[in-house]
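Chain letters run A, B, ... following the sequence lines, proteins first, then strands; residues in each count from 1. Because only heavy atoms are used, hydrogens play no part in the values below, and waters and symmetry mates are left out as well, while side chains stay in.
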There are 2 protein chains.
Amino acid sequence: MNGDAFDPDCPTRLILDRIGDKWSVLVVLSLRGGPRRFTELRDAIGGVTPKVLTQTLRAMARDGLLTRHVFAEVPPRVEYELTPLGQSLHAPIQAVADWAESHVNEVMAARQAAG
Amino acid sequence: MNGDAFDPDCPTRLILDRIGDKWSVLVVLSLRGGPRRFTELRDAIGGVTPKVLTQTLRAMARDGLLTRHVFAEVPPRVEYELTPLGQSLHAPIQAVADWAESHVNEVMAARQAAG
DNA sequence: TGCCCTTGGTACCCTATGGAAACCATGATG
DNA sequence: CATCATGGTTTCCATAGGGTACCAAGGGCA
């Protein structure tokens, strides 16, 4: 066993649960190019509701993956940006995304065959 | 945009949702060393209930990630094994797991600081 | 002839989470 | 005075996840 991610009380497991969340993955991918505003993220990530996006962003900020910068303007402006820690997560996540994209045909074929 | 994973109707997104599931990730890691029985998996992956493990394994089998081999014995014996497709998923997932393990301290520190 | 053991699940129930839709506060602008 | 835009919040509901109990089929054994 090269890790203790299998122990449910292990911190590594907690992290895995968190970054394994689909919305977190899409947020990281969506912020790889630089800071973005709330509405930009909501529009970029199809299908996410504001409530869940807020929850995801707040949780990621708590975990030090991104920063939330509020500008005192009207209408309000809030920018989210990956921290260096969050940026370091981009490569592994991109690897998974690449896998998904290059093997989607095989998976869909298997799913069809299995009905 | 180098991918269309942001479109909720895109197949890539479906795959991402699926392999982003924490139990699927742990199953892949748990099967990297060869086939294992249901009970072995349940014991190896701390905190998983049989119901959820069954759901996860069936879904992964449908998607062609693993095979389910039932031996006509008593007591029953069922072995799960990664397909080549499932094995190809191991590297990207391991990358994420490695990230979690090497950055767990930073995340936990941030979480503490943010309360 | 019962009786218990093991394995790989199901069945049932309850709670937590996710999602849909509506609403809100603020102040600039027309 | 009404409207618009932004970044959410609130409310409600359906679904998924998790806990616990239970089951079927033989084999061993007493």
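- A close approach under 4.0 Å does occur between a side-chain nitrogen or oxygen of B/R37 and OP1 or OP2 of C/dG8.
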Given side chain to side chain contact (heavy atoms under 4.5 Å, CB included), test B/S30 with B/L41 step by step and report yes or no.
CA-CA 7 Å; B/S30 196; B/L41 285 172; 3.6 Å; yes
Which letters describe nucleotides 16-24 of chain C, given B = protein heavy atom under 4.0 Å from base, S = only from sugar-phosphate, - = neither?
--BBS----
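- Within the structure, every pair that satisfies the salt bridge (charged side-chain N to carboxylate O under 4.0 Å, His left out) test and touches residues 57-76 of chain B, not counting sequence neighbours, is listed here: A/R111-B/D63, B/R18-B/D63, B/E73-B/R77.
- Distance, B/L26 CG to D/dG18 P: 11 Å, rounded to whole Å.
- Identified under the ring-ring contact (aromatic ring centres under 6.0 Å, His included) test for residues 45-69 of chain B, with sequence neighbours left out: B/H69-B/F71.
- To the nearest angstrom, P of D/dT20 lies 13 Å from CZ of B/R42.
- Residues satisfying the salt bridge (charged side-chain N to carboxylate O under 4.0 Å, His left out) test with A/D17, not counting sequence neighbours, are A/R13, B/K22.
- Among residue pairs with one or both ends in residues 38-47 of chain A, none qualify as side chain to side chain donor-acceptor pair (under 3.5 Å); sequence neighbours excluded.
- Separating the CZ atom of B/R36 from the P atom of C/dT7 is a distance of 15 Å, rounded to the nearest angstrom.
- The side chain of A/T39 contributes an N or O atom lying less than 4.0 Å from OP1 or OP2 of D/dG7.
- If you run side chain to side chain contact (heavy atoms under 4.5 Å, CB included) between B/Y80 and each of B/L65, B/L57, B/V27, B/T67, only B/L57 comes through.
- Contacts with DNA chain C (heavy atom under 4.0 Å) in residues 59-82 of chain A: A/V74, listed by number.
- The structure places CG of B/L53 at 9.0 Å from CH2 of B/W23, a figure rounded to the nearest 0.5 Å.
- Formation of a donor-acceptor pair under 3.5 Å by the B/T83 side chain with backbone atoms of B/G64 is found in this model.
- Taking only side-chain nitrogens and oxygens, B/R58 comes nearer than 4.0 Å to OP1 or OP2 of C/dT10.
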